[in-house]
Amino acid sequence: MSKNVPSNHEPPISPADWDAIVAAAFSPDAEPHVFSDRYQKQKQKQEEFLMPKKSIRGRKTIVIAAILAAAVVAIPTSAYAVNRIYQASIQSTGSYQKEVVIDAGDSTLDTRTQSLQVGWMPDGMTLDKSSGKYHDDQNRGVTMLFWKMQDGDFLQTVNHGIVHSETETINGNQVFFLQRAAANLPDGQMDYRNIVWVAFSNTPYAAQFYATDDLTKEELTQIAEHLSLSPAEQETASLWQPEESLIESSGDAPATACDVNQLSYVNIGDTLTTEETVSLKLDALSTQNTFAGISTDSIGQDCDYSRYQNADGTIADNTRTWYRSGDGVNTLDEAIKTETIPQTILTFQLTYTNNGTEAVETCVCPQLFRMQADGTFPAYTAEAEREYSVDSCDLNLTGEFFSFASSGSHSKNNVLLQPGETQTVTVAFLVDADQLDELYLVPAPHGYELSEEVTQSPILQVASALNR
């Protein structure tokens, strides 16, 4: 399946019931903490800062306040009374929201520099050093994170969409097992819905790992049981981020339309200059209802497309399921309708020529988009802000080609041109058959936001090029 718009399975952040968390974190006989006015104001400011930013459908707004969907809040130690003790707890603050709290305390704390030792993984699961993830040939995976709290900090993680949680004490450490609702992801894509925290007692360290949904509870427990600390000369843990280090994007939503009077059109047969010495000729544009002649993926590697075909060799229909996003606190994502979509392949042939005296590597990255006659981009309209679709066919990618083929040397979808060399390139897009009249191509995009891209770059009208 192909997911056309990101869902809320990367948990957003919402206000937390901090009093309830603190009450749960300490025994009834413990001395109550005294929260200062400064802390209360800081808490409110932090919660407002970490509230989820709305995004127009099809675009992401990024807030660098989280790593792998966990939001972190570091509260100054001056907010609390003295003689705090080490505590770790988990608290429900919504039907599907769990907050993990680790208070490093300020007494009996082992402050030696430690490294994390991973003592066990399921058979066949090995570490990919390039990504830092463990995985096996069955598409199962684990991502391990190692954290250190700064001197005596009180830290909290807010996890949304949680449908199950357990707490265990393993080797004297508090271990929290959380599981998110199943994500609506493309077929074959890993769903890291398991989240496990190991709070190493009386130390400023904690381990957190994400695991795919096909790992059993026994395997998750085994991994947690075999995590340990070992004295080290150098620090390998990542520090929790305090508020002042959080970076917020502008949060501006992308435009939903462009000014049609600013558009510049090109036609098949035209030649553009993509770089100082590279020219690009638009050779041909056509449609086809089979995968005949298409045998490579988006970076030019061999690919078999038989599973996307009907018995007669034609392109199979796409099943598109629409969902309404939940808030992850008291509601989950909900399926609202399903459509059967006939598909067609749009092939675009281009010729790149190096007119210079030095070798050049240039990106082949034509961009496809939908636009109505008045300049509206229907895929990004505000009324669909909280809706997204999941396709049964993972080749129907918004704006992206699924196949790339070149007549010469290339690195992925970059062609390598010697002085005077010419290469012919063919890219293929899988699109909804009923949308051809609204499709346009940017043959040589600059990487701008869509509304700016189409006014800064020449565009090709698909229907005109196809003589529709």
Open item on the list: Please determine whether side chain to side chain contact (heavy atoms under 4.5 Å, CB included) holds for the pair F404 and I299, giving the CA-CA distance in whole Å, both sets of side-chain angles, and the decisive distance to 0.1 Å.
Closed with: CA-CA 6 Å; F404 164 91; I299 57 174; 5.9 Å; no
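- Within the 4.5 Å cutoff, the side chain of F377 has no heavy atoms near those of the T256 side chain.
- In plain terms, the two heavy atoms of L332 and G161 that are nearest each other are CD2-CA, 3.9 Å.
- Side-chain atoms of V198 and F146, non-hydrogen and from C-beta on, never get closer than 4.5 Å to each other.
- Here the straight-line distance linking atom CG of D391 with atom OG1 of T321 works out to 8.5 Å at 0.5 Å rounding.
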ask   = Could you walk me through whether L368 and V442 pass the side chain to side chain contact (heavy atoms under 4.5 Å, CB included) check?
value = CA-CA 6 Å; L368 190 69; V442 183; over 6 Å; no
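- Rounding to the nearest 0.5 Å gives a distance of 8.5 Å between CD of E219 and CG of D214.
- From D304, atom CG reaches atom CD1 of I294 across 12.5 Å, with rounding to the nearest 0.5 Å.
- In summary, the aromatic rings of F348 and F401 are positioned with their centroids too far apart to meet the 6.0 Å limit.
- A 4.5 Å side-chain heavy-atom check between W322 and S389 finds at least one atom pair inside the cut-off.
- No donor-acceptor distance shorter than 3.5 angstrom exists from the side chain of N396 to the backbone of C393, with no hydrogens or angles considered.
- Checked against side chain to side chain donor-acceptor pair (under 3.5 Å), E235 has the following partners two or more places apart in sequence or in another chain: K148, Y205.
- For the pair D191 (side chain) and T212 (backbone), a donor-acceptor distance under 3.5 Å is absent.
- In the displayed structure, D123 atom CG is contacted under 6.0 Å by at most 12 heavy atoms of other residues, nucleotides or ligands.
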Kindly list each side-chain donor-acceptor pair under 3.5 angstrom involving residues 276-285, sequence neighbours excluded, with atom names and distances?
from	atom 1	to	atom 2	distance (Å)
S279	OG	N355	ND2	3.3
D283	OD2	T351	N	3.3
D283	OD2	T351	OG1	2.4

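- We find the OG1-CD distance between T314 and Q288 to be 12.5 Å, quoted to the nearest 0.5 Å.
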Run the numbers on R320 and D432 for salt bridge (charged side-chain N to carboxylate O under 4.0 Å, His left out), then give the verdict. CA-CA 11 Å; R320 180 168 296 155; D432 295 0; 2.7 Å; yes
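- Judged purely by atom type and a 3.5 angstrom limit, T455 uses its side chain to pair as donor or acceptor with the backbone of E452.
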_Run the side-chain hydrogen bond (donor to acceptor under 3.5 Å, both in side chains) test on E275 and T362 for me, step by step, so that the C-alpha distance in whole Å, both residues' side-chain angles and the decisive distance to 0.1 Å come before the verdict._
CA-CA 8 Å; E275 298 179 38; T362 188; 2.6 Å; yes
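- Checked by atom type, the side-chain pair Q423/S407 shows no donor-acceptor distance below 3.5 Å.
- Between the side chain of N310 and the backbone N or O of D312, no donor-acceptor pair lies under 3.5 Å.
- When all heavy atoms of R370 and E438 are compared, the closest pair comes out as NH2-OE1, 2.7 Å.
- Using a 30° and 60° split on the angle between ring planes, F369 and Y440 fall in the parallel class, below 30°.
- You'll find the side chain of T344 reaches within 4.5 Å of the side chain of L436, heavy atoms only.
- Pairing each heavy atom of V260 with each of D374, the nearest pair is CG1-C, 3.7 Å.
- The main-chain N or O of P378 is never found under 3.5 Å from a side-chain atom of T376 such that the two would form a donor-acceptor pair.
- Looking at I336 and E387, their side chains come closer than 4.5 Å, going by heavy atoms from C-beta outward.
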Using distance only, find each side-chain donor-acceptor pair of residues 409-419 under 3.5 Å and give its atom names and separation, not counting sequence neighbours.
from	atom 1	to	atom 2	distance (Å)
H410	ND1	K412	O	2.8
N413	ND2	V364	O	2.9

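- Rounded to the nearest 0.5 Å, atoms NE2 (H164) and CZ (F177) are 9.5 Å apart.
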* To do: Applying side chain to side chain contact (heavy atoms under 4.5 Å, CB included), run through Y388 and V390 and close with a yes or a no.
  => CA-CA 7 Å; Y388 64 91; V390 176; 3.9 Å; yes
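- The aromatic ring centroids of Y192 and Y210 lie 6.0 Å or more from each other.
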Requested in this report: Start with the C-alpha gap between Y96 and D327, add the side-chain angles, then the distance that decides, and say whether side-chain hydrogen bond (donor to acceptor under 3.5 Å, both in side chains) holds.
Outcome: CA-CA 9 Å; Y96 303 105; D327 62 12; over 6 Å; no
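- S403 places none of its side-chain heavy atoms less than 4.5 Å from the side chain of C303.
- Here the shortest heavy-atom pairing between P122 and I223 reads CD-CD1, 4.2 Å.
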Checklist line | Verdict with reasoning, E421 to N354, per side-chain hydrogen bond (donor to acceptor under 3.5 Å, both in side chains) | finding: CA-CA 6 Å; E421 183 182 1; N354 180 3; over 6 Å; no
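- For the pair E99/Q97, a side-chain contact is recorded, criterion being any heavy-atom separation below 4.5 Å from C-beta on.
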Exercise for the section: Apply the test salt bridge (charged side-chain N to carboxylate O under 4.0 Å, His left out) to residues R307 and D394: give CA-CA distance (whole Å), side-chain angles for both, the deciding distance (0.1 Å), then the verdict. Expected result: CA-CA 11 Å; R307 68 187 181 98; D394 58 4; 3.6 Å; yes
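- Closest approach of Q343 to D317, counting heavy atoms only: NE2-C, 4.0 Å.
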Original post:
Given the rule in the side-chain hydrogen bond (donor to acceptor under 3.5 Å, both in side chains) test, do Q117 and S115 qualify, once you have shown the distances and angles that lead to the verdict?
Top reply: CA-CA 7 Å; Q117 303 300 310; S115 62; 3.0 Å; yes
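- Side chain of S406 to main chain of G408: a donor-acceptor pair is present (N/O by atom type, distance under 3.5 Å, no hydrogens or angles).
- The two residues P366 and P445 have their closest heavy-atom pair at CA-CD, 4.1 Å.
- The aromatic rings of H446 and Y448 lie parallel to each other, with less than 30° between the two planes, well short of the 60° mark.
- In this structure, the separation between SG on C258 and CG on N261 is 9.5 Å, given to the nearest 0.5 Å.
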- Checking side chain to side chain contact (heavy atoms under 4.5 Å, CB included) for the pair T353/T271: CA distance, chi angles, key distance, verdict? CA-CA 10 Å; T353 301; T271 298; over 6 Å; no
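- For the pair F402 and Y305, the minimum side-chain heavy-atom distance is below 4.5 Å.
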